[in-house]
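Data first, discussion second: the structure below is written as structure tokens.
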2 protein chains.
Amino acid sequence: MPEMISEKIVARLCLYRRVLAELESSGISSIFSHELAERAGVSAAQLRRDIMEVGYAGSPSKGYDISGLQESITRFLYGNCKGTTSIIGIGNIGRAILSYIGRENFNINVTACFDEDRDKVGNVFYGCRCYNLNELSERTKQYNITSAILAVPETAAQSVADKLIESNIKGIMNFAPVQLKVPGDVYVENINLGIALEKVHYFARGKEGIRY
Amino acid sequence: MPEMISEKIVARLCLYRRVLAELESSGISSIFSHELAERAGVSAAQLRRDIMEVGYAGSPSKGYDISGLQESITRFLYGNCKGTTSIIGIGNIGRAILSYIGRENFNINVTACFDEDRDKVGNVFYGCRCYNLNELSERTKQYNITSAILAVPETAAQSVADKLIESNIKGIMNFAPVQLKVPGDVYVENINLGIALEKVHYFARGKEGIRY
DNA sequence: ATAACAATGTTATTTTAATAACAAGCCAAT
DNA sequence: ATTGGCTTGTTATTAAAATAACATTGTTAT
């Protein structure tokens, strides 16, 4: 990957890829920028500018070839390597995301999951074996896992993150409402559902000047 | 609320409020902008600019009064009305967020939840009674609910959203990977966990030029 | 063949967000 | 008392993102 691209563009490329996959399975073979843009909920200009980044060329008459563009975006996002990740903490959120990822196809495989609850260790959740948390480093290296989904309680988040980083993980999807301290080469995506809900409430109240 | 503020600022204000609540419960009474900023993971300049929006004034010598600032942000975000929301779909994600919201205190109360599974209807999940989905409009109006958490399967998302809008809901937190079509006065916050995971994978791979 | 059209790829402009800069204010130390 | 060194609140600057504009290209119809 030559140079890094902005988070927003990456997120939208993932979105386009998903829309393209749906379109492909419905039998369409090509699509114009404005149509694809509408389905993705973005403007046509923005979509074209994003696709410029991956370097795929459509045709002025046919638009974009769906399978070709899809493949091109996939190569851009994933290169040669397929994704391997793990989930730490098989509580409500851990299980929710596991069921979600298992169902859909993201080119990302949840290779292992971890918990310290003895009732969970050894079981298989949605096709994914649960290991004891104290095997975290060992298994992470063994399976060459490079990112992790952190779904442990707030109090444990930083110490587990530290172990992950020791095990050479470079990306963390963090569900704990804590600002993790990580080295500069580790990417953290914070998912804070509480804050998202507060946002919804704020704009539900205020949009269009509605008062109650 | 005089005029609308950007989504990003709102999200950060929610974050500050949470950090302030933690600080308050640990007995500290005032804090400087750079300290609060560090705990929230933002720059001091940005924090001060954000706080400017809510119109709270700190002191150059003491910094911000923690309870005062907290109260001020709360009033800005919530006004006089406390939040009432509902969850539609008590599957894995629905339960996860319900347990999450129940545990923490966001000034937002999950007043009702809905599902069409007869085994769930009538039960109480994390303190929240589950109603039949066909009572959605009725209950939403009855309890004066103004936002909703949409955690139903992709295929049902749009039709449920339509019912919500009919019931006068103005904010939706949408977990379904679909671009909902809603009127302009309805705010939608899309939570797409699959895309978030793909982002993590991309940056885990690319940051600092690491290749494998 | 060629003119007209429509969509692309890319550059230019505008808008928005983040950073930095700095005057004003307050306290402590002298 | 007054200077110095902090902070804050706000304005100015820079950077980033989104939008719009447009020249180019390929296709279709005449």
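Because the structure is a prediction, the values reported are computed rather than measured. Labels below follow one simple rule: chain letters A, B, ... track the order of the sequence lines, proteins then strands, and each chain is numbered from 1.
Electrostatic pairing of Glu71(B) and Arg75(B) counts as a salt bridge here, judged by a charged N lying under 4.0 Å from a carboxylate O. One finds a salt bridge joining Arg17(B) and Glu198(A) here, because a Lys/Arg side-chain nitrogen approaches an Asp/Glu carboxylate oxygen to under 4.0 Å.
Lys170(B) places a side-chain heavy atom less than 4.5 Å from the side chain of Asp185(B). Inter-residue side-chain proximity for Ile169(A) and Ile165(A) is flagged as unmet; no heavy-atom pair is nearer than 4.5 Å. In this structure, the side chains of Tyr16(A) and Val42(A) come closer than 4.5 Å at one or more pairs of heavy atoms.
Atom NZ in Lys8(B) sits roughly 17 Å away from atom P in dA15(D) (whole-Å rounding). Here dT10(C) presents its P atom at 14 Å from CD1 of Ile9(A), a figure rounded to the nearest Å. Distance, Ile51(A) CD1 to dT10(C) P: 12 Å, rounded to whole Å. Atoms CD (Glu7(A)) and P (dA16(D)) sit 13 Å apart, rounded to a whole Å. Look at CE on Met52(B): it is 13 Å from C1' on dA17(C), rounded to the nearest Å. Separating the CD atom of Glu53(B) from the P atom of dG9(D) is a distance of 13 Å, rounded to the nearest angstrom.
DNA chain D is contacted by Phe32(B), Ser33(B), His34(B) of residues 26-40 of chain B, taking any non-hydrogen atom closer than 4.0 Å. At a non-hydrogen distance threshold of 4.0 Å, Arg48(B), Arg49(B) from residues 41-50 of chain B come into contact with DNA chain D.
Here CE of Met52(A) is found 12.5 Å from CG of Leu47(A). Values are rounded to the nearest 0.5 Å.
The partner of dA15(D), taking Watson-Crick or G-U wobble pairs whose two distances both stay under 3.5 Å, is dT16(C).
Within the 4.0 Å cut-off from OP1 or OP2 of dC26(C), not a single side-chain nitrogen or oxygen of Ser61(B) is found.
Contact annotation for Lys62(A): no contact, since no heavy-atom pair falls under 4.0 Å across all strands.
Below 30°, between 30° and 60°, or above 60°: for Tyr143(A) and Tyr131(A) the angle between ring planes is between 30° and 60°, a tilted geometry.
Open room surrounds CD on Glu116(B); 12 or fewer heavy atoms of other groups in view lie less than 6.0 Å from it.
The main-chain N or O of Ile90(A) is found under 3.5 Å from a side-chain atom of Asp115(A) such that the two form a donor-acceptor pair.
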